[in-house]
Amino acid sequence: MTLFAALKPPYFSIMTSGMFAFVLAATGCQSSAESTINTSAQSTNTPVTTDMSQQTLKQQALRIQRALANNDYARITKDIHPTRGVRFSMYAYVRPESDKVFSREQYAQYLQQSKIRFTWGERDGSGAPLIIPLPEYLDTWVKAKTFNDATLSINEFQKSSNSINNLNKIYQNSDVVEFYYKGSDEYSGLDWRVLRLVFDDYQGKRYLVAVITDQWTV
């Protein structure tokens with residue numbers, strides 16, 4: 001199996017094999033957004049408490065989900081936290097040492113550069129690495145269309161897999177909007193999926209700090 005060299009933003013290793021291909025390694029993808037703050041540290045904001053605040057949070061989360069569902073990925077750029085960036089976790093267990101974290105600028109850049117591939121993690125069951133560009137990850141792994149008619153909850157988990165859910169440990173004072181798709185009758189619900197959007201306050205506004213997906217695991 002080909003090993004992918006570590007990328008240290010903003011420089012990339014260039015490999016030639018008839019054409020240029022850019023690859024980012026699983027163990028070397030902590031973005032510059034992380035250089036100013038430890039994302040595994042506790043955040044300092046206070047979770048939502050009022051009905052009005054919860055309604056505003058729900059509307060923001062729905063707007064992000066719909067933008068992703070419509071493949072309008074760039075629309076959520078301004079929702080990304082200005083200093084912390086946004087984390088992408090394949091499963092419920094957040095891995096601060098290896099999850100991909102992008103600043104606003106990196107997120108916008110990688111949407112336009114489809115040849116840059118990232119190792120997002122390992123698939124449950126097979127252990128095979130998932131190595132695809134950011135737009136493909138959003139389309140085929142996050143699969144926001146799945147959650148167009150999902151059940152929403154705020155700061156509550158509706159479904160859990162065998163993967164340990166450590167979100168509250170990593171983001172102890174953040175707000176979480178969970179989208180839960182219960183699965184189909186065809187697969188007896190085993191194709192259920194969860195999308196968790198995590199928000200932190202910054203200078204009086206809420207920003208997206210993590211996009212966490214979960215599903216049935218062995």
Side-chain angles (χ1 to χ4, degrees), residues 24 26 29 31 33 39 57-58 60-81 84-96 98-104 106-114 116-125 128-154 157-161 163 165-167 170-171 174-184 187 190-199 207-217:
L24 195 72
C29 181
S31 78
T39 58
L57 176 61
K58 178 181 177 181
Q60 183 179 8
L62 279 169
R63 177 170 52 77
I64 292 173
Q65 181 270 325
R66 295 295 164 78
L68 295 176
N70 292 329
N71 298 334
D72 192 3
Y73 306 136
R75 184 177 291 273
I76 76 166
T77 303
K78 291 185 178 180
D79 287 288
I80 295 174
H81 198 287
R84 301 189 68 182
V86 60
R87 172 192 304 279
F88 292 94
S89 296
M90 284 180 61
Y91 296 105
Y93 189 79
V94 177
R95 301 178 182 274
S98 60
D99 284 341
K100 302 298 166 285
V101 181
F102 304 119
S103 68
R104 283 182 176 181
Q106 289 171 326
Y107 177 84
Q109 174 189 356
Y110 298 146
L111 286 180
Q112 302 300 320
Q113 297 178 318
S114 60
I116 299 178
R117 299 187 298 161
F118 300 91
T119 303
W120 302 91
E122 297 179 348
R123 297 175 184 269
D124 177 70
L130 180 65
I131 308 172
I132 53 178
L134 174 59
E136 187 176 346
Y137 179 85
L138 295 172
D139 182 37
T140 65
W141 192 266
V142 175
K143 293 197 295 188
K145 293 184 181 68
T146 305
F147 306 101
N148 283 342
D149 297 313
T151 303
L152 271 67
S153 63
I154 297 178
F157 301 127
Q158 304 173 76
K159 187 72 171 181
S160 297
S161 65
S163 178
N165 181 354
N166 65 341
L167 189 155
I170 303 300
Y171 297 100
S174 302
D175 291 310
V176 183
V177 178
E178 179 176 283
F179 295 76
Y180 168 53
Y181 166 66
K182 66 178 183 179
S184 64
Y187 295 102
L190 290 178
D191 54 339
W192 67 266
R193 288 184 63 86
V194 163
L195 171 65
R196 297 181 180 121
L197 302 180
V198 186
F199 298 86
Y207 292 98
L208 184 68
V209 292
V211 176
I212 301 171
T213 51
D214 198 14
Q215 59 188 326
W216 184 86
T217 56

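Each residue takes its place number in the sequence, starting with 1.
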Under a 3.5 Å cutoff, is there a donor and acceptor pairing between the side chains of Gln215 and Asp191?
no
Report the residues that fulfil side-chain hydrogen bond (donor to acceptor under 3.5 Å, both in side chains) with Asp124, sequence neighbours left out, ordered by chain and then residue number.
none
Quick one: does any side-chain atom of Lys159 pair with a main-chain N or O of Phe157 as donor and acceptor, under 3.5 Å?
no
All side-chain hydrogen bond (donor to acceptor under 3.5 Å, both in side chains) counterparts of Tyr73, not counting sequence neighbours:
Asn71
Which pairs pass salt bridge (Lys or Arg N to Asp or Glu O under 4.0 Å) with one or both residues in residues 70-80, sequence neighbours excluded?
Arg63-Asp79, Asp72-Arg75
State which residues pass side-chain contact (heavy atoms from CB on, under 4.5 Å) with Thr151; sequence neighbours excluded, sorted by chain then number.
Gln158
Derivation of the side-chain contact (heavy atoms from CB on, under 4.5 Å) call for Ile64 and Phe199:
CA-CA 12 Å; Ile64 292 173; Phe199 298 86; 3.8 Å; yes
Rounded to the nearest 0.5 Å, how far does CZ of Phe147 lie from CD of Gln65?
8.0 Å
Do you see a donor-acceptor pair shorter than 3.5 Å between the side chains of Arg87 and Tyr171?
yes
I'd like to check the side-chain contact (heavy atoms from CB on, under 4.5 Å) partners of Lys58; sequence neighbours left out, ordered by chain and number.
Gln55, Leu62, Leu152, Ile154
Per the side-chain hydrogen bond (donor to acceptor under 3.5 Å, both in side chains) rule, what does the pair list look like for residues 129-144, sequence neighbours excluded?
Trp141-Thr213
Would you check if the distance from the ring center of Phe118 to the ring center of Phe88 is below 6.0 Å?
no
Check whether any side-chain heavy atom of Tyr207 sits under 4.5 Å from a side-chain heavy atom of Arg104, and report yes or no.
yes
